[in-house]
Amino acid sequence: MSENIIGYIDNLGNIVDTQSADENIDAQAIEYDNSPEALEIIRHSTAHLMAQAITELYTNAKFFVGPTVDEGFYYDFKVDEKIGEEDLKKIEKKMKELIKKKYKIEKYEITKEEAVEKFANDDLKQAVLSRIPNEVVSIYKQGDFEDLCQGPHVPALRFLHNFKLTRVAGAYLGGDETKEMLTRIYGIAFADKESLKDYIKMMEEAKKRDHRKIGAEMELFMFNEESGAGLPFWMPKGSRLRYKLENILHKAHRKRGYQPVRGPEILKADMWRTSGHYACYGENMYLTTIDEQEYGIKPMNCIGHIQIFKQSGKSYRDLPLKYYEYGVVHRHEKSGVLHGLLRVREFTQDDAHIFCTPEQIASEVIDIVEFVDSVMKLFGFEYSMEIATKPEKAIGDDEVWELATQGLKDALTENNLPFTIDEGGGAFYGPKIDIKITDAIGRKWQCGTVQVDFNLPERFNVEYVGEDNERHTPVMIHRAILGSFERFIGILTEHYAGEFPLFIAPTQIIFVPISESHVAYAKELKNRLIDLDIDCEIFDKNDSLNKRVRTAEKQRVPYVVIVGDEEVANNSVAIRDRRAKEQYNLSFDEFMVKLTQQLNEGKI
RNA sequence: GCCCAUAUGGCUCAGGGGUAGAGCACUUCCUUGGUAAGGAAGAGGUCGUGAGUUCAAGUCUCACUAUGGGCUCCA
């Protein structure tokens, strides 16, 4: 057996470790390297090494499960002591000591019955065993440490060198909120030192583009302890960015036949009872009493749009009727989940509701998916689609749900659009397609959504007169493209690391006049650019030219424009182009043409 | 909501039971400079909030609030 073989891939594609393989195995060898299979083995073994170290440091430690995940591995366990970030170093040190003992990792099998007896005093092991259907279970042993485990593991501890424990967290037993909370330690491991270094470096880079850090640096948005958690404030620069995004999207909606509407922020509680929100979504709603009547602050915009639809009689000729609103909604998210702009308690959705006939669903869904695609392409986002089906708390009959779900599937399948299924992840009133964007660190965030709803129109007696002169109930499609401005701008900020393209940059141009005598010229240019809806600033503070250029560059604006005697005389501008990383001179008219072209890139 | 951690001028951080420090930002003055930090002076903090321990609390303890990393949920 080669020194470097740590496992095999059998003909079913399963990983078999050296402990489990028989001597004459005829399978593809897994070498000790950074292949996904090798990392799976290495990381899982590192999790066990960590467990062994914890056992030595905390004699009363009991272990639940320690699997590998996309980003490394973790182990869930229970100790009497509190474990904090500081303790990770201690555990790492102990792990390195254990490696020096050069233990082999051995495997033996016992029956489940024997295992239940063996771990009789360990309630967590009993919980693990209760989830295993097999009659025979395997135990891995390294030194004195034994653990119930199905593997795979490296042959010996000497294969484990390049690891780092990354964070401590709490995790419910089996992910179940009603069960006890265990301590979880996450870690990462690689086959070589370089890869570990690269990984740590990548995480540091990701931190630098964190939207919370950039948002503070660029003065885009803020939070305020006295005002409350999850309630963002938009500062001037953030508002400018947001306004541009709203404007681009406003035009895109108008081109696609949507009509702007706006509903009230609070509605009587009875409205929410009729809609089902009170029963199905009540725990997320903020309620208040006015003149002894209960009101609810809207967590969604659909009810308002329904009222507007119902205000006048509608004919089949009016359908599909598309209302859109940048709707401000409030949702009581649990305090522990709030996260910068990505999860807040007040946010604005780019929300729309399409009232249509059942026959129109497929083509409307396709139109929306195309709309989503054009927005994602504009910003260069990778995204995936997921169809979410009926949740536990839901209104409406199963048949209606089945019909709506199938409609979504058909629309995507017929257009060869790939999707996955999220069982039970739908809204309480209908199934949906969720559009998830992958962010700079690889996390997926739900942004756009398309939801087919047969339920709310019926509950509110929404009707239109058909070709047959009979009354019919329309279908409602709820949809959002960005999802919310808050989350989308948060992701955009990380995506571009604050270097926004010209068409949405909060400050698009900074003028740096060489001396006071050039300020008037800069102001004149600035005013002309306002007509193009371009936001400019003039850096005419009493600082050196170098200092002002530096300060301007640090603002991450697309263009820094220097103007002095030469530029005033020639009616030109000296440009520092940050995106192209070049410096060049243009006449102001040429510059205007260039800017107009770049603004047009933001048309969809 | 739960587990763990953190909270010092606008920002980034140092200090660690005996009555607050740096850099940047800010203000004023000098400097009017052709592409990433010119110089000088000044102002600014009841050390997140509230209790407790102590002769004495930014410093120790507890609660709360907010933030961060997770669990769960979701745009």
Side-chain angles (χ1 to χ4, degrees), chain A residues 74 76 78 82-88 166-186 207 210 212-213 216-217 219 222-231 281 283-284 299-300 327 329 331-345 347-351 388 391 422 425 427 432 434-437 445-449 451 478-488 490-491 512-519 540-554 560-567 574-576 583 585:
Chain A
Y74 68 78
D76 282 351
K78 196 162 66 170
K82 279 188 177 181
I83 293 193
E85 300 278 340
E86 286 300 306
D87 300 308
L88 293 185
T166 47
R167 49 191 176 240
V168 208
Y172 296 106
L173 196 154
D176 185 342
E177 213 174 337
T178 62
K179 298 274 170 56
E180 69 179 306
M181 175 142 304
L182 307 176
T183 303
R184 171 176 296 183
I185 295 182
Y186 283 93
K207 250 185 212 167
D210 188 311
R212 292 166 299 191
K213 184 173 153 64
E217 272 171 24
E219 299 178 306
M222 55 175 259
F223 292 90
N224 177 262
E225 185 179 338
E226 283 77 40
S227 310
L231 303 171
Y281 204 75
E283 56 199 29
N284 281 315
M300 298 184 193
V329 295
R331 297 183 184 176
H332 182 226
E333 299 289 352
K334 289 176 187 168
S335 59
V337 305
L338 302 173
H339 180 96
L341 282 184
L342 300 184
R343 174 74 87 315
V344 289
R345 284 178 172 162
F347 56 98
T348 307
Q349 296 178 305
D350 60 325
D351 205 2
D422 173 16
K432 58 181 184 170
D434 281 333
I435 292 104
K436 302 198 171 185
I437 298 180
W445 290 94
Q446 185 184 329
C447 290
T449 182
Q451 312 174 349
H478 309 240
R479 55 108 277 202
I481 307 287
L482 308 181
S484 78
F485 285 93
E486 284 74 10
R487 179 175 289 182
F488 194 79
I491 295 170
V512 180
I514 288 176
S515 76
E516 225 170 292
S517 59
H518 312 118
V519 174
D540 59 350
K541 231 187 76 178
N542 186 10
D543 273 327
S544 68
L545 176 67
N546 281 352
K547 177 68 180 288
R548 285 180 290 140
V549 169
R550 178 186 148 85
T551 316
E553 283 290 343
K554 288 184 75 173
V560 175
V561 172
I562 286 84
V563 290
D565 285 339
E566 216 177 287
E567 286 73 27
I575 297 161
R576 288 177 68 106
Q583 292 185 29
N585 285 54

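Below, chains carry the letters A, B, ... as their sequence lines are ordered, and counting in each starts from 1.
- Side-chain atoms of A:Leu545 lie closest to B:rU35 of the nucleotides B:rG1, B:rU35, B:rA75.
- Looking at heavy-atom distances under 4.0 Å, A:Glu333 makes contact with a base.
- Nucleic acid contact for A:Gly327: none, since no nucleic acid atom lies under 4.0 Å from a heavy atom of the residue.
- At a cut-off of 3.5 angstrom, the base of B:rG10 holds no donor-acceptor pair with the side chain of A:Glu219.
- Contacts of A:Gly84 with the nucleic acid, taken as non-hydrogen atoms under 4.0 Å apart, involve only primed sugar atoms and P, OP1 or OP2.
- Rounded to whole Å, the P atom of B:rC47 lies 14 Å from the corresponding atom of B:rG21.
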Practice item. Carefully, step by step, assess A:Ile514 and A:Leu545 under the rule side-chain contact (heavy atoms from CB on, under 4.5 Å). Key: CA-CA 6 Å; A:Ile514 288 176; A:Leu545 176 67; 4.2 Å; yes
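- Contact annotation: A:Arg345 does not reach the phosphate of B:rA75 (side-chain N/O to OP1 or OP2, under 4.0 Å).
- The nucleotide B:rA7 finds its pairing partner in B:rU65, both defining distances of the Watson-Crick or G-U wobble pair being shorter than 3.5 Å.
- Nucleotide B:rU59: unpaired (no Watson-Crick or G-U wobble partner with both distances less than 3.5 Å).
- Using Watson-Crick or G-U wobble geometry with both donor-acceptor distances under 3.5 Å, B:rU53 finds no partner in any strand shown.
- For B:rA75, neither phosphate oxygen OP1 nor OP2 lies less than 4.0 angstrom from any side-chain nitrogen or oxygen of A:Gln349.
- The side chain of A:His332 places no N or O atom within less than 4.0 Å of a non-bridging phosphate oxygen (OP1 or OP2) of B:rC73.
- Taking only distance into account, the side chain of A:Arg167 never meets the base of B:rC4 through a donor-acceptor pair shorter than 3.5 Å.
- A gap of 12 Å separates the C1' atoms of B:rG23 and B:rA37, to the nearest Å.
- Here A:Asp210 pairs with A:Arg212 in a salt bridge; the nearest charged N to carboxylate O distance falls below 4.0 Å.
- For the pair A:Arg576 and B:rA36, the criterion of a side-chain N or O lying under 4.0 Å from OP1 or OP2 is met.
- Across all strands, A:Lys213 comes closer than 4.0 Å to no nucleic acid atom at all (heavy-atom distances).
- Pairing for B:rA43 is absent, judged as Watson-Crick or G-U wobble with the two contacts each under 3.5 Å.
- Within the nucleic acid shown, A:Arg184 comes within 4.0 Å of sugar-phosphate atoms alone, with no base atom in reach, counting heavy atoms only.
- Residue contacts for A:Ile83: at a heavy-atom cut-off of 4.0 Å it reaches the sugar-phosphate backbone alone, with no base atom in range.
- Proximity note for A:Glu516 (side chain, C-beta onward) versus B:rU32, B:rC3, B:rG69: the nearest is B:rU32.
- For the OP1/OP2 pair of B:rC4 and a distance below 4.0 Å, the side-chain nitrogens and oxygens of A:Tyr186 include no atom meeting the criterion.
- Look at B:rA22: its Watson-Crick or wobble partner, with both distances under 3.5 angstrom, is B:rU12.
- Classification of A:Lys179 and A:Asp176 as a salt-bridged pair holds, one side-chain N sitting under 4.0 Å from a carboxylate O.
- The partner of B:rC71, taking Watson-Crick or G-U wobble pairs whose two distances both stay under 3.5 Å, is B:rG1.
- Nearest to the side chain of A:Arg343, among B:rA75, B:rG69, B:rU35, sits B:rA75.
- OP1 and OP2 of B:rG33 both lie 4.0 Å or more from every side-chain N or O belonging to A:Ser515.
- Remark: ring of A:Phe347 overlaps the six-membered base ring of B:rA75 in a stacked fashion, centroids less than 5.5 Å apart, planes less than 30° apart.
- Within 4.0 Å of A:Tyr74, counting heavy atoms only, lies no atom of the nucleic acid at all.
- The phosphate of B:rU67 (OP1 or OP2) has no side-chain N or O of A:Arg212 nearer than 4.0 angstrom.
- For the C1' atoms, the distance from B:rU6 to B:rG44 is 25 Å, rounded to whole Å.
- For A:Glu553, whose side chain is taken as the heavy atoms from C-beta onward, the closest listed nucleotide among B:rA36, B:rC3, B:rG34 is B:rA36.
- Residue A:Lys334 places its side chain closer to B:rG1 than to any other of B:rG48, B:rG69, B:rG1.
- Closest to the A:Arg487 side chain, of the nucleotides B:rC71, B:rG68, B:rA75, is B:rA75.
- Using atom P as the reference point in both B:rC30 and B:rU67, the two lie 45 Å apart (nearest Å).
- Between A:Ser544 and the phosphate of B:rG38, there is a side-chain N or O to OP1/OP2 separation shorter than 4.0 Å.
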Tabulate atom names and distances for all N/O pairs under 3.5 angstrom spanning the protein and nucleotides 24-30 of chain B.
| residue | atom | partner | partner atom | Å |
| --- | --- | --- | --- | --- |
| B:rA25 | OP1 | A:Lys547 | NZ | 2.8 |
| B:rC26 | OP1 | A:Lys541 | NZ | 3.1 |
| B:rC26 | OP2 | A:Lys541 | NZ | 2.9 |
| B:rC30 | N4 | A:Asn542 | ND2 | 3.1 |

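- Taking the P atoms as reference points, B:rC11 lies 14 Å from B:rC26, given to the whole Å.
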